[in-house]
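Throughout, protein chains are lettered first and strands after them, A, B, ... in sequence-line order, and every chain is numbered starting at 1.
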Amino acid sequence: MCRQSLKEWKQAIDANRKMFYFKKGEMLCYEGDEVNGIFFVYSGTVKVHKKWGTDKELIVRFAKKGDIVGHRGLGTTTTFPISATALGPVSACYIDLQFFLTTLKINQDFLFQLMIFFADELKESESRMRNLAHMPVKGRIAQALINLKEKFGCDKNGYIDITLSRQDMASYTGTTYETVFRILTEFIEDNAIEVSGRNIMLKDIRKLLSFV
DNA sequence: TCATTAACCTTGC
DNA sequence: GCAAGGTTAATGA
């Protein structure tokens with residue numbers, strides 16, 4: 001996006017946006033809800049998840065600052081195919097769908113950026129689907145840890161800059177929390193990672209990659 | 001601040 | 001994967 005169009009876009013957003021603040025555990029949108037707009041995450045982390053069977057959930061992806069949530073309602077369906085839950089305090093900006101669609105028609109650069117975003121997301125989604133289907137659990141968890149580190153980076157102590165419960169890890173990797181716990185223990189014994197509470201530090205990425 | 005409760009973690013089977 | 005027991009976090013008085 002060029003400077004000018006970004007500036008115009010931001011000004012337009014300021015005129016149309018509504019800021020929303022969510023506490024930990026609060027939901028931005030519910031699967032099946034009518035789509036009236038989309039969210040831009042301003043701060044905090046959001047998990048995007050989907051019901052899987054009757055009571056299981058699968059975490060599709062994590063959205064952080066600057067990411068879009070709810071854009072998949074843009075297609076021919078008029079309801080959200082996913083739910084989104086705040087993992088911590090989140091501020092998000094809600095853009096009216098009509099305004100968003102109008103902007104897409106007018107702002108070519110923005111349209112282009114969005115297309116790139118969709119392409120990247122599709123690529124990641126396809127690779128995750130393949131992994132869930134063919135990779136052993138250990139490989140999936142190793143891959144998930146590497147992905148999370150790439151996406152969220154590390155805090156000042158070297159731990160991955162996202163706090164996930166074992167439950168969330170399990171939902172993200174398509175397994176149960178007991179399995180997550182046991183495999184994390186194996187990784188610790190292998191000296192591949194270090195765990196402090198819910199924080200995880202990757203110590204030996206090459207070792208992790210050997211399971212992928 | 002403390003007690004109660006709920007959610008989450010860990011472990012053995 | 002299930003269930004039990006322990007731990008931590010959240011809530012309300």
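Ring-centre distance between Y94(A) and F100(A): not below the 6.0 Å cut-off.
Scored by the side chain to side chain donor-acceptor pair (under 3.5 Å) test, S43(A) finds S91(A) as partners (sequence neighbours excluded).
Between F187(A) and F211(A), the angle of the ring planes lies from 30° to 60°, which puts this pair in the tilted group.
A distance-only check finds a donor-acceptor pair linking the side chain of K151(A) to the backbone of F62(A) [under 3.5 Å]. A donor-acceptor contact shorter than 3.5 Å is absent between the side chain of T85(A) and the backbone of G25(A). A side-chain donor-acceptor contact under 3.5 Å links R140(A) to the backbone of M135(A).
At a threshold of 4.0 Å, the pair K51(A)-E31(A) does not count as salt-bridged, since none of the basic side-chain nitrogens sits closer than that to a carboxylate oxygen.
When rounded to the nearest whole Å, the span between CG of L164(A) and P of dC9(B) equals 10 Å.
No more than 12 heavy atoms of other residues, nucleotides or ligands lie within 6.0 Å of OH in Y30(A), so this atom counts as exposed by the packing criterion.
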- Contact pattern, 5' to 3', of nucleotides 7-13 of chain C - B, S or - by protein heavy atom under 4.0 Å: ---S---
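Only Y177(A), E178(A), F181(A), R182(A), listed by number, bring a heavy atom of residues 177-190 of chain A to less than 4.0 angstrom from any atom of DNA chain B.
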